[in-house]
Amino acid sequence: MTKTVLVTGGAGYVGSHSCKAFAEAGWNIVVYDNLSRGWRDFVQFGELFEGDLLDADRLNEAFQKFKPEAVVHFAAFAYVGESVDQPGLYYENNTLGTVRLLDAMAKAGTDKIIFSSTCATYGVPTEMPITESMRQAPINPYGMSKLFVEKVLDDYETAHGIRSVKLRYFNAAGASPDGEIGERHDPETHLIPLCIEGVLNDTFKLTIFGDDFDTRDGTCIRDYIHVMDLADAHLKALDYLGGGGASDVFNLGTGTGTSVLEIVHAVERVTGKPVPREIGPRRPGDPPALIASAEKAARVLGWKPVQSDVDNVIATAYEWHLKELGRKAAL
Ligand code: UFG
(Lines give C-alpha, C1' and ligand atoms only; values in the text may rest on other atoms or scores of the structure.)
Protein backbone atom coordinates (compact mmCIF):
# COMPACT_ATOMS: atom_id res chain seq x y z
CA MET A 1 0.00 0.00 0.00
CA THR A 2 1.23 3.51 -0.80
CA LYS A 3 2.27 5.35 2.33
CA THR A 4 1.16 8.91 2.98
CA VAL A 5 3.41 11.70 4.19
CA LEU A 6 1.98 14.98 5.45
CA VAL A 7 4.22 17.84 4.35
CA THR A 8 3.74 21.15 6.14
CA GLY A 9 5.05 24.05 4.08
CA GLY A 10 5.01 21.90 0.96
CA ALA A 11 4.12 25.00 -1.09
CA GLY A 12 7.38 26.69 -0.10
CA TYR A 13 10.89 26.56 -1.52
CA VAL A 14 12.55 23.52 0.11
CA GLY A 15 9.16 21.89 0.79
CA SER A 16 8.04 21.85 -2.84
CA HIS A 17 11.35 20.45 -4.08
CA SER A 18 11.20 17.74 -1.43
CA CYS A 19 7.65 16.82 -2.47
CA LYS A 20 9.02 16.22 -5.96
CA ALA A 21 11.60 13.78 -4.54
CA PHE A 22 8.99 12.06 -2.34
CA ALA A 23 6.60 11.65 -5.29
CA GLU A 24 9.35 10.18 -7.44
CA ALA A 25 10.04 7.68 -4.63
CA GLY A 26 6.39 6.61 -4.58
CA TRP A 27 5.06 8.46 -1.52
CA ASN A 28 1.50 9.74 -1.45
CA ILE A 29 1.73 13.43 -0.48
CA VAL A 30 -0.58 15.76 1.39
CA VAL A 31 0.63 19.36 1.58
CA TYR A 32 -0.58 21.20 4.68
CA ASP A 33 0.03 24.90 4.02
CA ASN A 34 -1.76 28.18 4.69
CA LEU A 35 -0.17 29.76 1.58
CA SER A 36 0.88 32.79 3.63
CA ARG A 37 4.37 32.52 2.15
CA GLY A 38 4.01 29.52 -0.11
CA TRP A 39 2.70 29.26 -3.65
CA ARG A 40 -0.31 27.34 -4.91
CA ASP A 41 1.41 26.62 -8.23
CA PHE A 42 4.31 24.92 -6.39
CA VAL A 43 1.97 22.16 -5.15
CA GLN A 44 2.47 19.84 -8.10
CA PHE A 45 3.12 16.51 -6.46
CA GLY A 46 0.21 15.88 -4.13
CA GLU A 47 -2.99 17.23 -2.68
CA LEU A 48 -3.16 20.66 -1.06
CA PHE A 49 -5.02 20.76 2.27
CA GLU A 50 -5.11 24.45 3.22
CA GLY A 51 -4.66 25.04 6.90
CA ASP A 52 -2.76 26.97 9.51
CA LEU A 53 -0.33 25.38 11.97
CA LEU A 54 -1.99 27.24 14.81
CA ASP A 55 -5.42 25.80 13.96
CA ALA A 56 -5.66 22.64 16.08
CA ASP A 57 -9.07 21.64 14.69
CA ARG A 58 -7.88 21.88 11.11
CA LEU A 59 -4.74 19.89 11.94
CA ASN A 60 -6.81 17.16 13.62
CA GLU A 61 -9.07 17.07 10.58
CA ALA A 62 -6.06 16.55 8.29
CA PHE A 63 -4.64 13.75 10.43
CA GLN A 64 -8.04 12.03 10.67
CA LYS A 65 -8.64 12.29 6.95
CA PHE A 66 -5.22 11.21 5.64
CA LYS A 67 -3.78 9.10 8.48
CA PRO A 68 -0.19 9.95 7.50
CA GLU A 69 2.63 7.55 8.26
CA ALA A 70 5.02 10.45 8.88
CA VAL A 71 5.26 14.24 8.87
CA VAL A 72 7.89 16.37 7.18
CA HIS A 73 7.70 19.81 8.74
CA PHE A 74 8.97 22.72 6.63
CA ALA A 75 6.36 25.38 7.41
CA ALA A 76 8.04 28.33 9.11
CA PHE A 77 8.95 31.97 8.76
CA ALA A 78 12.60 32.30 7.78
CA TYR A 79 13.70 35.94 7.58
CA VAL A 80 16.36 36.71 10.16
CA GLY A 81 15.80 40.49 10.02
CA GLU A 82 12.04 40.15 10.39
CA SER A 83 12.56 37.87 13.39
CA VAL A 84 14.58 40.58 15.13
CA ASP A 85 11.83 43.16 14.52
CA GLN A 86 8.89 40.85 15.26
CA PRO A 87 10.04 38.01 17.51
CA GLY A 88 6.46 37.18 18.49
CA LEU A 89 5.67 36.19 14.93
CA TYR A 90 8.52 33.68 14.97
CA TYR A 91 7.89 32.16 18.38
CA GLU A 92 4.19 31.87 17.59
CA ASN A 93 4.35 30.47 14.08
CA ASN A 94 7.58 28.47 14.25
CA THR A 95 7.62 27.29 17.85
CA LEU A 96 4.01 27.27 19.03
CA GLY A 97 2.87 26.13 15.57
CA THR A 98 5.11 23.08 15.91
CA VAL A 99 3.71 22.35 19.36
CA ARG A 100 0.22 22.31 17.82
CA LEU A 101 1.43 20.01 15.06
CA LEU A 102 3.02 17.61 17.55
CA ASP A 103 -0.16 17.55 19.65
CA ALA A 104 -2.14 16.59 16.56
CA MET A 105 0.43 13.88 15.78
CA ALA A 106 0.23 12.50 19.31
CA LYS A 107 -3.56 12.45 19.12
CA ALA A 108 -3.54 10.67 15.76
CA GLY A 109 -0.74 8.25 16.65
CA THR A 110 1.62 9.50 13.91
CA ASP A 111 5.04 8.87 15.42
CA LYS A 112 7.68 10.09 12.95
CA ILE A 113 8.67 13.66 12.04
CA ILE A 114 11.43 15.27 10.02
CA PHE A 115 12.09 18.84 11.06
CA SER A 116 13.71 21.69 9.12
CA SER A 117 16.20 23.20 11.49
CA THR A 118 19.00 25.56 10.55
CA CYS A 119 22.66 26.41 10.93
CA ALA A 120 21.34 29.64 12.48
CA THR A 121 20.95 27.62 15.71
CA TYR A 122 24.78 27.65 16.04
CA GLY A 123 25.01 31.45 16.21
CA VAL A 124 28.62 32.53 15.63
CA PRO A 125 30.64 29.32 15.79
CA THR A 126 34.24 29.43 16.95
CA GLU A 127 35.37 26.32 15.06
CA MET A 128 34.99 25.29 11.45
CA PRO A 129 33.65 23.02 9.99
CA ILE A 130 30.62 22.89 12.26
CA THR A 131 29.71 19.50 13.71
CA GLU A 132 26.31 18.65 15.18
CA SER A 133 27.64 18.44 18.74
CA MET A 134 28.95 22.02 18.82
CA ARG A 135 27.38 24.56 21.11
CA GLN A 136 24.10 26.04 19.87
CA ALA A 137 23.78 29.72 20.70
CA PRO A 138 21.50 31.49 18.22
CA ILE A 139 21.96 35.23 17.81
CA ASN A 140 18.48 35.98 16.49
CA PRO A 141 14.88 34.97 17.26
CA TYR A 142 14.64 32.96 14.02
CA GLY A 143 17.45 30.64 15.12
CA MET A 144 16.09 30.53 18.66
CA SER A 145 12.57 29.65 17.48
CA LYS A 146 14.07 26.65 15.67
CA LEU A 147 16.33 25.64 18.57
CA PHE A 148 13.31 25.63 20.90
CA VAL A 149 11.60 23.20 18.53
CA GLU A 150 14.61 20.89 18.62
CA LYS A 151 14.20 20.72 22.42
CA VAL A 152 10.41 20.34 22.23
CA LEU A 153 10.85 17.37 19.87
CA ASP A 154 12.91 15.53 22.47
CA ASP A 155 10.22 16.05 25.08
CA TYR A 156 7.49 14.78 22.75
CA GLU A 157 9.51 11.64 22.15
CA THR A 158 9.72 11.04 25.90
CA ALA A 159 6.03 11.73 26.44
CA HIS A 160 4.46 10.41 23.24
CA GLY A 161 7.07 8.24 21.50
CA ILE A 162 7.38 10.54 18.47
CA ARG A 163 10.77 9.95 16.83
CA SER A 164 12.37 12.84 14.97
CA VAL A 165 15.14 13.67 12.56
CA LYS A 166 16.31 17.27 12.83
CA LEU A 167 18.00 18.56 9.70
CA ARG A 168 20.11 21.69 10.10
CA TYR A 169 20.28 23.27 6.66
CA PHE A 170 23.13 25.48 5.62
CA ASN A 171 22.43 27.78 2.61
CA ALA A 172 19.71 26.25 0.44
CA ALA A 173 20.09 27.34 -3.18
CA GLY A 174 19.40 26.31 -6.77
CA ALA A 175 16.24 24.99 -8.39
CA SER A 176 14.69 21.89 -9.83
CA PRO A 177 16.63 21.12 -13.05
CA ASP A 178 13.37 21.01 -15.07
CA GLY A 179 12.69 24.67 -14.15
CA GLU A 180 9.14 23.92 -12.94
CA ILE A 181 9.77 25.01 -9.35
CA GLY A 182 12.49 27.18 -7.88
CA GLU A 183 13.33 29.86 -5.36
CA ARG A 184 10.51 32.41 -5.20
CA HIS A 185 10.53 34.65 -2.14
CA ASP A 186 8.72 37.90 -1.65
CA PRO A 187 10.68 39.90 -0.67
CA GLU A 188 13.84 38.19 -1.96
CA THR A 189 16.81 38.63 0.36
CA HIS A 190 19.09 35.73 -0.63
CA LEU A 191 22.40 36.21 -2.37
CA ILE A 192 22.14 34.00 -5.45
CA PRO A 193 18.66 35.15 -6.61
CA LEU A 194 19.75 38.76 -6.06
CA CYS A 195 22.89 38.25 -8.18
CA ILE A 196 20.62 36.84 -10.90
CA GLU A 197 18.31 39.82 -10.50
CA GLY A 198 21.37 41.98 -11.18
CA VAL A 199 22.03 40.05 -14.37
CA LEU A 200 18.43 40.25 -15.61
CA ASN A 201 17.34 43.67 -14.43
CA ASP A 202 19.23 46.77 -15.63
CA THR A 203 18.06 48.88 -12.72
CA PHE A 204 19.18 46.53 -9.92
CA LYS A 205 22.56 46.70 -8.22
CA LEU A 206 23.68 44.13 -5.61
CA THR A 207 25.01 45.44 -2.32
CA ILE A 208 27.73 43.24 -0.87
CA PHE A 209 27.29 43.35 2.88
CA GLY A 210 30.84 44.08 3.99
CA ASP A 211 34.28 43.25 2.57
CA ASP A 212 36.26 43.61 5.77
CA PHE A 213 35.58 40.21 7.36
CA ASP A 214 38.49 38.01 8.42
CA THR A 215 38.08 35.71 5.41
CA ARG A 216 40.18 35.02 2.28
CA ASP A 217 38.69 37.94 0.28
CA GLY A 218 37.03 39.87 3.09
CA THR A 219 33.47 38.79 2.22
CA CYS A 220 31.34 36.25 4.14
CA ILE A 221 31.70 32.56 3.49
CA ARG A 222 28.70 30.22 3.31
CA ASP A 223 28.08 26.57 2.49
CA TYR A 224 25.63 26.49 -0.43
CA ILE A 225 23.65 23.28 -0.79
CA HIS A 226 21.48 22.47 -3.80
CA VAL A 227 17.80 22.26 -2.92
CA MET A 228 17.47 18.88 -4.70
CA ASP A 229 20.27 17.51 -2.51
CA LEU A 230 18.32 18.79 0.51
CA ALA A 231 15.23 17.05 -0.87
CA ASP A 232 17.16 13.80 -1.16
CA ALA A 233 18.29 14.09 2.46
CA HIS A 234 14.65 14.33 3.58
CA LEU A 235 13.79 11.22 1.59
CA LYS A 236 16.68 9.35 3.20
CA ALA A 237 15.58 10.59 6.63
CA LEU A 238 12.05 9.28 5.97
CA ASP A 239 13.48 5.87 5.07
CA TYR A 240 15.73 5.99 8.12
CA LEU A 241 12.85 6.62 10.55
CA GLY A 242 10.62 4.15 8.68
CA GLY A 243 13.30 1.50 9.16
CA GLY A 244 13.22 2.06 12.93
CA GLY A 245 16.12 4.53 13.17
CA ALA A 246 16.54 6.42 16.45
CA SER A 247 15.97 10.17 16.70
CA ASP A 248 19.00 12.08 15.52
CA VAL A 249 20.26 15.38 14.12
CA PHE A 250 22.21 16.07 10.95
CA ASN A 251 23.87 19.04 9.30
CA LEU A 252 23.04 19.39 5.62
CA GLY A 253 25.85 21.14 3.81
CA THR A 254 28.72 20.28 1.50
CA GLY A 255 31.72 20.91 3.73
CA THR A 256 32.93 23.58 1.30
CA GLY A 257 32.64 27.32 1.78
CA THR A 258 32.15 29.91 -0.95
CA SER A 259 32.57 33.64 -0.40
CA VAL A 260 30.10 36.30 -1.53
CA LEU A 261 32.59 37.54 -4.13
CA GLU A 262 33.17 33.99 -5.38
CA ILE A 263 29.40 33.62 -5.85
CA VAL A 264 29.27 36.92 -7.76
CA HIS A 265 32.10 35.75 -10.05
CA ALA A 266 30.44 32.36 -10.52
CA VAL A 267 27.14 34.01 -11.53
CA GLU A 268 29.05 36.12 -14.06
CA ARG A 269 30.83 33.02 -15.37
CA VAL A 270 27.66 30.90 -15.67
CA THR A 271 25.42 33.59 -17.17
CA GLY A 272 28.10 35.36 -19.21
CA LYS A 273 26.80 38.71 -17.93
CA PRO A 274 28.06 41.21 -15.33
CA VAL A 275 26.55 41.49 -11.85
CA PRO A 276 26.43 45.24 -11.07
CA ARG A 277 27.49 45.68 -7.45
CA GLU A 278 28.75 47.95 -4.73
CA ILE A 279 30.23 47.34 -1.31
CA GLY A 280 27.97 48.31 1.58
CA PRO A 281 28.16 48.02 5.35
CA ARG A 282 27.93 44.68 7.13
CA ARG A 283 24.42 43.31 7.69
CA PRO A 284 23.80 42.96 11.43
CA GLY A 285 24.01 39.36 12.62
CA ASP A 286 25.99 37.91 9.70
CA PRO A 287 28.63 35.45 10.96
CA PRO A 288 31.87 35.65 8.88
CA ALA A 289 31.80 31.97 7.94
CA LEU A 290 29.40 29.02 8.22
CA ILE A 291 30.63 25.70 6.83
CA ALA A 292 29.09 22.34 7.68
CA SER A 293 30.76 19.13 8.52
CA ALA A 294 28.52 16.83 6.46
CA GLU A 295 30.28 13.70 7.66
CA LYS A 296 27.51 12.45 9.97
CA ALA A 297 24.72 12.58 7.36
CA ALA A 298 26.98 10.65 4.98
CA ARG A 299 27.82 8.02 7.59
CA VAL A 300 24.37 7.48 9.12
CA LEU A 301 21.93 8.36 6.31
CA GLY A 302 24.18 7.48 3.37
CA TRP A 303 23.55 11.01 2.04
CA LYS A 304 26.00 12.82 -0.20
CA PRO A 305 25.35 16.05 -2.10
CA VAL A 306 25.64 15.37 -5.84
CA GLN A 307 24.18 18.54 -7.38
CA SER A 308 25.81 21.18 -5.17
CA ASP A 309 28.72 22.21 -7.36
CA VAL A 310 28.40 26.02 -7.24
CA ASP A 311 28.16 26.40 -11.02
CA ASN A 312 25.35 23.82 -11.14
CA VAL A 313 23.52 25.53 -8.27
CA ILE A 314 23.70 28.83 -10.16
CA ALA A 315 22.86 27.32 -13.57
CA THR A 316 19.66 25.70 -12.25
CA ALA A 317 18.71 28.88 -10.37
CA TYR A 318 19.27 30.93 -13.54
CA GLU A 319 17.19 28.55 -15.68
CA TRP A 320 14.34 28.87 -13.20
CA HIS A 321 14.50 32.65 -13.17
CA LEU A 322 14.47 32.78 -16.97
CA LYS A 323 11.40 30.52 -17.06
CA GLU A 324 9.76 32.57 -14.32
CA LEU A 325 10.30 35.73 -16.40
CA GLY A 326 8.66 33.96 -19.36
CA ARG A 327 5.71 32.92 -17.21
CA LYS A 328 5.25 36.48 -15.94
CA ALA A 329 5.46 37.88 -19.47
CA ALA A 330 2.77 35.43 -20.60
CA LEU A 331 0.31 36.64 -17.95
N1 UFG B 1 24.54 38.94 1.00
C2 UFG B 1 25.01 40.12 0.44
N3 UFG B 1 24.10 40.93 -0.19
C4 UFG B 1 22.78 40.62 -0.29
C5 UFG B 1 22.32 39.40 0.27
C6 UFG B 1 23.23 38.58 0.91
O7 UFG B 1 26.18 40.44 0.52
O8 UFG B 1 22.02 41.40 -0.86
C9 UFG B 1 25.50 38.08 1.69
C10 UFG B 1 25.16 37.92 3.16
O11 UFG B 1 25.73 38.93 3.91
C12 UFG B 1 25.73 36.53 3.45
C13 UFG B 1 25.61 35.79 2.12
O14 UFG B 1 25.43 36.79 1.13
O15 UFG B 1 27.07 36.64 3.77
C16 UFG B 1 24.44 34.84 2.08
O17 UFG B 1 23.28 35.57 2.48
P18 UFG B 1 21.81 34.98 2.35
O19 UFG B 1 20.88 36.04 2.83
O20 UFG B 1 21.62 34.41 1.00
O21 UFG B 1 21.84 33.77 3.36
P22 UFG B 1 22.18 33.77 4.91
O23 UFG B 1 23.50 33.09 5.03
O24 UFG B 1 22.07 35.08 5.56
O25 UFG B 1 20.93 32.98 5.44
C26 UFG B 1 20.83 31.62 5.42
C27 UFG B 1 19.36 31.22 5.43
C28 UFG B 1 18.70 31.66 6.70
C29 UFG B 1 19.48 31.18 7.86
C30 UFG B 1 20.90 31.63 7.75
C31 UFG B 1 21.75 31.14 8.87
O32 UFG B 1 18.71 31.79 4.33
O33 UFG B 1 17.39 31.13 6.74
O34 UFG B 1 21.46 31.15 6.55
O35 UFG B 1 22.73 32.08 9.16
F36 UFG B 1 18.97 31.66 9.01
Legend entry - Note, Y90 side chain near M144 side chain (heavy atom, < 4.5 Å): no
Legend entry - Near-ring test F148/Y91, centroid separation under 6.0 angstrom: yes
Inset, instruction - Would you check if the side chain of D229 reaches a backbone N or O of V306 as a donor-acceptor pair within less than 3.5 Å? - result: yes
Inset, instruction - Report yes or no: do V124 and M128 belong to one cluster of Ile/Leu/Val/Met/Phe/Trp/Tyr joined by side chain heavy-atom distances under 4.5 Å? - result: no
Inset, instruction - Output all residues satisfying side-chain contact (heavy atoms from CB on, under 4.5 Å) with A233, sequence neighbours left out; order by chain, then residue number. - result: L252, W303
Inset, instruction - State, yes or no, whether a side-chain contact exists between W39 and R184 at a heavy-atom distance under 4.5 Å. - result: yes
Legend entry - E82 and Y142: CA distance, side-chain angles, deciding distance, side chain to side chain donor-acceptor pair (under 3.5 Å) verdict: CA-CA 8 Å; E82 182 183 63; Y142 166 65; over 6 Å; no
Legend entry - Contact list for residues 149-178, test ring-ring contact (aromatic ring centres under 6.0 Å, His included), sequence neighbours left out: Y156-H160, Y169-H234
Inset, instruction - Might you work through the side-chain contact (heavy atoms from CB on, under 4.5 Å) test for I181 and F45, ending with a clear yes or no? - result: CA-CA 11 Å; I181 46 178; F45 309 99; 3.9 Å; yes
Legend entry - D248: side-chain contact (heavy atoms from CB on, under 4.5 Å) partners, not counting sequence neighbours: Y240, F250, K296
Inset, instruction - Using modelled atom types only, decide if a donor and an acceptor are shared between the side chain of S259 and the backbone of T219 within a distance under 3.5 Å. - result: no
Inset, instruction - If you link ILVMFWY side chains whenever their heavy atoms are less than 4.5 Å apart, which other residues fall into the same cluster as F213? By chain and number, please. - result: none
Legend entry - pair L54-R100: side-chain heavy atoms closer than 4.5 Å: yes
Legend entry - H17 (side chain) donor-acceptor with S176 (main chain) under 3.5 angstrom: yes
Inset, instruction - Indicate, with yes or no, if F115 and V227 share a hydrophobic cluster defined by side-chain heavy-atom contacts under 4.5 Å among Ile, Leu, Val, Met, Phe, Trp and Tyr. - result: no
Inset, instruction - Could you state whether V71 and L96 fall into the same hydrophobic cluster, counting links through intermediate Ile, Leu, Val, Met, Phe, Trp or Tyr residues with side-chain heavy atoms under 4.5 angstrom apart? - result: yes
Inset, instruction - Following the transitive rule for hydrophobic clusters with a side-chain heavy-atom cut-off under 4.5 Å over Ile, Leu, Val, Met, Phe, Trp and Tyr, establish whether L241 and L6 coincide in one cluster. - result: no
Inset, instruction - Using a strict 4.0 Å threshold on nitrogen-to-oxygen distance, state whether R58 and D52 make a salt bridge. - result: no
Inset, instruction - Can you spot which of K166, R163, H73 makes a side-chain contact (heavy atoms from CB on, under 4.5 Å) with I113? - result: H73
Legend entry - Stepwise side-chain contact (heavy atoms from CB on, under 4.5 Å) test for E180 and K323: CA-CA 8 Å; E180 292 305 318; K323 282 204 175 169; 4.2 Å; yes
Inset, instruction - Would you mind reporting whether F77 and Q86 have side-chain heavy atoms less than 4.5 Å apart? - result: no
Inset, instruction - Would you kindly confirm whether V14 and V5 end up in one hydrophobic cluster when ILVMFWY residues are joined by side chain heavy atoms under 4.5 Å apart? - result: yes
Legend entry - Any side-chain heavy-atom pair of S117 and V149 under 4.5 Å: no
Legend entry - Intermediate values then yes/no, side-chain contact (heavy atoms from CB on, under 4.5 Å), L35 and R40: CA-CA 7 Å; L35 298 180; R40 194 179 291 276; 3.5 Å; yes
Legend entry - Partners passing side-chain contact (heavy atoms from CB on, under 4.5 Å) against P193 (at least two apart in sequence or in another chain): E183, E188, H190, H321
Legend entry - Centroid-centroid under 6.0 Å between W320 and F42 rings: yes
Inset, instruction - Sequence neighbours left out, what passes side-chain contact (heavy atoms from CB on, under 4.5 Å) with E295? Give chain and number order. - result: S293, R299
Inset, instruction - Flag the pair Y122 / Q136 as yes when at least one side-chain heavy-atom distance between them is below 4.5 Å, and no otherwise. - result: yes
Legend entry - Sub-4.5 Å side-chain heavy-atom contact between D178 and K20: yes
